[in-house]
2 protein chains.
Amino acid sequence: MGQDLTTARENFIQGISRITTFWGFPKAMGAIFGAIYLSPAPLSLDEIVQQVGVTKGAVSTNIRNLERLGVVHKIIKMGDRKDYYNAETDFWKIIKGILREREKNEFDRAIKSVGESLDIVRSSDPDPAEKDLTLFYEERLKSLKQFFDSLDKLVATIIAIDDLRSGVLGKFGK
Amino acid sequence: MGQDLTTARENFIQGISRITTFWGFPKAMGAIFGAIYLSPAPLSLDEIVQQVGVTKGAVSTNIRNLERLGVVHKIIKMGDRKDYYNAETDFWKIIKGILREREKNEFDRAIKSVGESLDIVRSSDPDPAEKDLTLFYEERLKSLKQFFDSLDKLVATIIAIDDLRSGVLGKFGK
DNA sequence: TAGAACGTTTAGTTCGAACTAAACAAAGTA
DNA sequence: TACTTTGTTTAGTTCGAACTAAACGTTCTA
């Protein structure tokens, strides 16, 4: 490959890796996506291994996560046992997938946790000496819960908007 | 403290810690914020040490970051050498602060990195054999750059909206 | 000036996420 | 059936972020 393209490619992959690590994903995940994103043809697992320079095992686990998040897509060719991957190019869709995933897992649990704390306080029979403190707890927890609920709705809205865009609008050609 | 309040408190702090680690911040950072958030009175550094159960050094560094992000506020009492901290209760403001901070640092660099790659490709004098590949690179990089720019604007908009809300609207009482 | 009361900084340690190497499973081919 | 080619899983390792312990600097007080 030409020197300029190689430089651009390496610089790009480094940049993507920065982003992924920054948002709490493995560095290799970004590098793998970068390689696939800048490939005109779908890449096989071994090609990715060769291009990115990590072992097969690492590529295997990382690419499974990438696919789960909808960031890359597996392509199966008839009469070829290899799996190929290409990149999702609709980045809003990618964000949607990641939000949905995080929503489902950790974020949800956090919301639930605050709700539980609030329930405990509400259903407690407070010592008169701690009445003020109990009310304070209730107020603070309620306030945070409201915020989380708003955030939850915001995320749901974003997802819904994108669903609308890619669903209904897509039929008429974006 | 009553058993119920203690349970609620511990459950809450655990939940907040989950959130912070999930979003790439230290666990102790969440615990410290949780303790301050559920305290009616501002807490001193030593009180935090005692309540959260980490060393003074850790609290010192973590709380500095919390303050830099606008998540807690330092309170100085006259005639008292201790620093006290209370919690910011406007969570949208907190998000704004974090976005602004991240914007300033890593995210910016990532955007720049993609821009640089694009510049390299655009200013390259491509080998005729690689003309197609060069065009492909240019298209993909341009597409990603557009997305980043949109995201950048979105964040700026969110920040602007909150500035408006807390600035102009605040004068009339929210 | 000595000592106490703070918060900060630093050297060293811990701990877990992400990697490698290699065994493994599955599925095709000779 | 044995061998090859593929992707997955697992045991072990690495490495860096975040912690502890302790020294340190500063400021107030006696």
Side-chain angles (χ1 to χ4, degrees), chain A residues 13-14 16-36 42-69 71-86 102 105-106, chain B residues 13-14 16-36 42-69 71-86 102 105-106:
Chain A
I13 287 180
Q14 203 182 326
I16 297 291
S17 298
R18 291 190 77 95
I19 299 174
T20 54
T21 54
F22 183 64
W23 290 101
F25 298 102
K27 186 179 141 196
M29 207 167 164
I32 290 167
F33 173 75
I36 295 174
L43 293 178
S44 71
L45 195 142
D46 278 323
E47 284 169 330
I48 296 168
V49 167
Q50 193 222 325
Q51 289 200 20
V52 174
V54 294
T55 57
K56 239 176 14 156
V59 174
S60 176
T61 50
N62 274 301
I63 211 156
R64 203 178 323 131
N65 288 326
L66 283 170
E67 216 209 346
R68 187 170 46 81
L69 293 170
V71 178
V72 302
H73 302 290
K74 188 186 283 191
I75 292 180
I76 293 165
K77 295 184 182 176
M78 290 187 318
D80 189 340
R81 281 176 52 208
K82 289 197 189 92
D83 296 340
Y84 293 87
Y85 296 90
N86 65 9
R102 299 206 147 174
N105 296 340
E106 287 300 320
Chain B
I13 288 181
Q14 202 182 325
I16 297 290
S17 299
R18 290 191 76 96
I19 299 174
T20 54
T21 53
F22 183 64
W23 290 101
F25 297 102
K27 185 178 141 197
M29 207 166 164
I32 291 168
F33 173 75
I36 296 174
L43 293 178
S44 71
L45 196 142
D46 278 322
E47 285 169 331
I48 296 168
V49 167
Q50 194 223 326
Q51 289 200 20
V52 175
V54 293
T55 56
K56 239 177 12 159
V59 174
S60 176
T61 50
N62 275 302
I63 210 155
R64 204 178 321 130
N65 288 326
L66 283 171
E67 216 208 346
R68 187 172 45 81
L69 293 170
V71 178
V72 302
H73 302 290
K74 189 186 283 192
I75 292 180
I76 294 165
K77 295 184 182 176
M78 292 187 317
D80 190 340
R81 281 174 52 209
K82 290 198 189 87
D83 296 340
Y84 293 87
Y85 296 91
N86 66 8
R102 299 206 147 174
N105 296 340
E106 287 299 320

*Reference residue B/Met29; test side-chain contact (heavy atoms from CB on, under 4.5 Å); the match among B/Val71, B/Ile16, B/Leu69*: B/Leu69
*Taking atom C1' of D/dT6 as reference, at what distance in whole Å does atom NZ of A/Lys77 sit?*
15 Å
_Boundaries of the chain B footprint along DNA chain C (any atom under 4.0 Å from a heavy atom)_ = C/dA5 to C/dT9
*Just wondering, more than 12 heavy atoms not from A/Gln14 lying within 6.0 Å of its CD?*
no
*How close do B/Ser17 and B/Ala31 get, heavy atom to heavy atom, and via which atoms?*
OG-N, 3.5 Å
*Which heavy atom of A/Val54 sits nearest a heavy atom of A/Val59, and at what distance?*
CG2-CG2, 3.4 Å
*Is it true that the NZ or CZ of A/Lys77 lies under 6.0 Å from the centre of A/Tyr84's six-membered ring and within 45 degrees of the ring axis?*
yes
*Looking at A/Ile36 and A/Ile48, what are the two nearest heavy atoms and their distance?*
CD1-CD1, 3.9 Å
*Using a 4.0 Å heavy-atom cut-off, write out nucleotides 23-30 of chain D from 5' to 3' as B (base contacted by protein), S (sugar-phosphate only) or - (no contact).*
----BS--
_For the student: nearest non-hydrogen atoms of B/Ala35 and B/Val52, plus distance_ = CB-CG2, 3.9 Å
_Without decimals, in angstroms, what is the distance between A/Leu45 CG and D/dG7 P?_
5 Å
*Between A/Asp80 and A/Arg64, who's closer to the 5' end of DNA chain D by nearest nucleotide?*
A/Asp80
_Rounded distance in Å - NZ (A/Lys82) to C1' (D/dT6)_ = 9 Å
*To the nearest Å, how far apart are A/Ile48 CD1 and D/dT8 P?*
11 Å
*What pair of heavy atoms forms the shortest contact from B/Pro26 to B/Thr20, and how long is it?*
O-OG1, 3.4 Å
